[in-house]
Protein chains: 2
Amino acid sequence: MAREAGVHISTASRALNPSTAFIVHPVTVERVAEAARKLGYRPHPLARGLRTNRTMSVGVIIPDVENPLFGPIIAGVESVLVEDGYSVLIGNADRGPNHADSLVEDMLERHVDGLILATPGRVVSDTARQAQRDVSMVLVNRSVDDDSIPAIVGDDHAGIGLAVRHLRELGHERIGHVAGPEWVSTGRGRRDAFLAWMSTVGLEADIDLVEEAEWYQVEPGTTAALALLSRHPDLTAIVAANDLLGLGCYRAVRSLGKVIGVDVSITGYNDMPLLDLMQPSLTAVRVPYRRMGVDAATTLLALIAGEDVSPGRVLLSPTLAIRSSTGPPADRG
Amino acid sequence: MAREAGVHISTASRALNPSTAFIVHPVTVERVAEAARKLGYRPHPLARGLRTNRTMSVGVIIPDVENPLFGPIIAGVESVLVEDGYSVLIGNADRGPNHADSLVEDMLERHVDGLILATPGRVVSDTARQAQRDVSMVLVNRSVDDDSIPAIVGDDHAGIGLAVRHLRELGHERIGHVAGPEWVSTGRGRRDAFLAWMSTVGLEADIDLVEEAEWYQVEPGTTAALALLSRHPDLTAIVAANDLLGLGCYRAVRSLGKVIGVDVSITGYNDMPLLDLMQPSLTAVRVPYRRMGVDAATTLLALIAGEDVSPGRVLLSPTLAIRSSTGPPADRG
DNA sequence: GTGAAAGCGCTAACAT
DNA sequence: ATGTTAGCGCTTTCAC
């Protein structure tokens with residue numbers, strides 16, 4: 001052990017710890033550092049944690065690791081936390097609604113220093129709320145209605161605005177919306193944004209132009225789009241609340257014998273990989289997911305450091321990837 | 001603390017630990033359990049780890065978390081480890097070739113009980129090799145040439161066989177291969193498998209029918225396919241070493257004015273999400289990635305438990321998802 | 001500026 | 001079947 005090699009006992013501890021090294025004579029510091037290097041000594045994080053009550057680890061709870069959306073978030077989170085010496089514990093809450101809570105408890109039990117939740121929903125469970133008393137916590141890609149927990153989310157209002165304005169500028173006047181489930185914060189938020197933007201661009205904000213899909217998947221998207229198009233056969237464009245819903249719209253439009261991007265333009269949301277390879281490639285609002293992860297981790301670090309972070313949400317600006325699923329409306333005979 | 005609430009001191013420890021509870025009087029066990037529940041007591045994993053030298057955590061090192069391929073692997077790994085009380089530490093080695101090594105060292109420093117590596121390459125770094133002395137280690141989705149570390153990998157020979165036989169059965173006789181880079185184990189392996197299967201099905205195993213793509217991406221796939229098709233304009237089918245390469249072939253075939261699935265059939269490999277939504281949908285060899293994660297974790301657990309696991313590779317059988325990018329060869333004028 | 005000693009919360013001998 | 005004791009490897013008062 002470094003202590004034997006270099007000099008004496010706990011001076012080594014002080015020397016090796018940046019925040020106490022200044023107490024120690026520079027020469028001694030150097031000697032200790034040298035010895036540590038030579039012996040390949042590494043402080044044992046468990047022993048340290050036991051003493052300092054910090055594990056230098058944070059838990060990240062993801063609703064479904066298999067969803068490509070979360071890769072960039074995890075990467076972003078990891079990149080900043082690793083920099084500060086933290087490890088990232090992944091929890092995959094794919095076993096139903098209560099699974100996330102049980103993961104939160106696991107993480108608490110492990111005494112993580114912080115928690116990042118990406119699980120959906122507009123309210124947070126009691127478990128999570130209680131957890132907030134014990135550890136620093138931040139939400140990513142979702143928020144709570146009362147904004148009581150800091151959240152990093154995409155600016156859905158701006159994103160939907162990008163899509164609606166793009167369509168409006170192309171000349172569309174009859175635009176519909178295939179919405180996500182209302183109990184998910186993005187489902188509700190994007191729907192509201194759609195209606196708001198319709199007014200803004202001078203079109204009628206009719207709730208009847210919205211059809212809610214049961215879930216963010218292709219199949220429900222098709223169903224919803226068919227319902228929407230049967231109510232409003234004259235629609236020339238659909239803003240989908242999600243890429244998969246957008247792809248679902250493809251099927252609906254095709255089954256009606258219409259051409260995507262000509263008879264009916266479609267926009268997606270999120271911009272997942274491979275969208276540019278679809279036929280036609282899907283115009284989509286791109287959300288900066290990696291950035292989201294980075295910001296969430298940064299916020300968490302600030303929280304852990306005791307800086308006071310205002311709760312409430314931080315909005316990240318999306319961009320629009322314009323592809324071939326959108327075009328000017330076809331002239332109507 | 002439970003000790004005060006219930007009875008006396010370290011009896012509680014024994015009572016709470018399943019593997020020592022039998023020593024304690026059942027009544028006492030119950031009393032302790034009760035008290036623990038009431039006080040919301042949770043054993044501190046750090047203190048325990050300090051004593052037992054086990055952290056109940058394992059590190060998983062992924063070359064790129066953003067690649068959708070690894071989601072299922074992580075999910076599989078996590079699902080079995082969580083069951084046994086382990087936590088999963090994720091390392092994202094996306095910062096170049098040496099990043100993985102530095103992550104391995106981080107993990108070692110944290111005293112993980114085991115390590116799962118998914119980083120590519122046909123040999124393992126010295127760091128990793130040394131790490132194997134300190135902790136249990138298993139490879140997933142890659143192996144080492146000398147099989148000195150247990151590895152769970154897809155059976156590429158069988159997978160390519162699925163593709164080649166499928167095409168052969170459709171009636172194809174002139175089949176080419178767009179290969180992955182040779183320095184990656186899958187690139188080399190699938191190429192060899194392709195040549196072997198060509199002989200097996202009674203076709204000529206000509207190395208000239210293989211074109212190596214620079215990297216597993218769409219663009220290089222197009223380039224390679226164009227080179228291949230200019231050498232062999234009469235090819236009626238292409239086996240791609242990877243889905244993205246397969247999609248790259250789409251572009252090449254189209255740019256030649258030919259129809260995919262009619263003039264030229266194409267198969268992919270891996271079966272990533274959304275492939276079924278491509279136009280035409282891509283026939284692909286499906287690798288059981290989640291299962292891979294599950295098996296890797298199970299093997300690791302066995303290793304940790306001290307059971308002797310034979311090193312060498314475990315091959316997981318792929319299946320074939322037949323879609324519309326493959327069909328009988330068109331009659332030639 | 002450095003040493004000595006206590007103790008973080010647990011588990012594992014060793015008593016009883 | 002339960003209580004006692006020591007100590008995992010570190011940080012942190014408290015002396016010197």
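Naming: A, B, ... by sequence-line order, numbering from 1 per chain.
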So, B/S79 versus A/R95: side-chain donor-acceptor pair below 3.5 Å or not?
->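 On atom types as modelled, these side chains do not qualify, holding no pair under 3.5 Å.
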Rounded to whole angstrom units, what separation is found between the [atom1] atom of [X] and the [atom2] atom of [N]?
{"X": "B/H111", "N": "D/dC10", "atom1": "NE2", "atom2": "C1'", "value": "12 Å"}
{"X": "B/H44", "N": "D/dC8", "atom1": "NE2", "atom2": "P", "value": "18 Å"}
{"X": "B/L46", "N": "D/dG9", "atom1": "CG", "atom2": "C1'", "value": "12 Å"}
{"X": "B/R51", "N": "D/dT5", "atom1": "CZ", "atom2": "P", "value": "16 Å"}

Which residue, B/N53 or B/T28, contacts DNA chain D at a nucleotide closer to its 5' end, judged by nearest heavy atom?
->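 With B/N53 and B/T28 compared, the 5'-side residue is B/T28.
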So does A/S13 reach the base of D/dT12 with its side chain, donor to acceptor, closer than 3.5 Å?
->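 Checked by distance alone, the answer is no.
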When the nearest nucleotide of DNA chain C is assigned to B/L50 and to B/R14 on a heavy-atom basis, which residue is associated with the more 5' position?
->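 That would be B/L50.
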Minimum-distance nucleotide to A/T52 side chain [options: C/dG1, D/dT12, D/dC10] |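 Nearest listed nucleotide: D/dT12.
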Please tell me if the side chains of B/P45 and B/M56 come closer than 4.5 Å, counting only heavy atoms from C-beta onward.
->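 Of all side-chain heavy-atom pairs linking B/M56 with B/P45, none is under 4.5 Å.
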Give A/R54 one of three labels, base, sugar-phosphate or nothing, depending on what nucleic acid heavy atoms sit under 4.0 Å from its own.
->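 No contact.
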Salt bridge or not for B/E34 and B/R37, using N-O below 4.0 Å?
->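 A salt bridge links B/E34 with B/R37.
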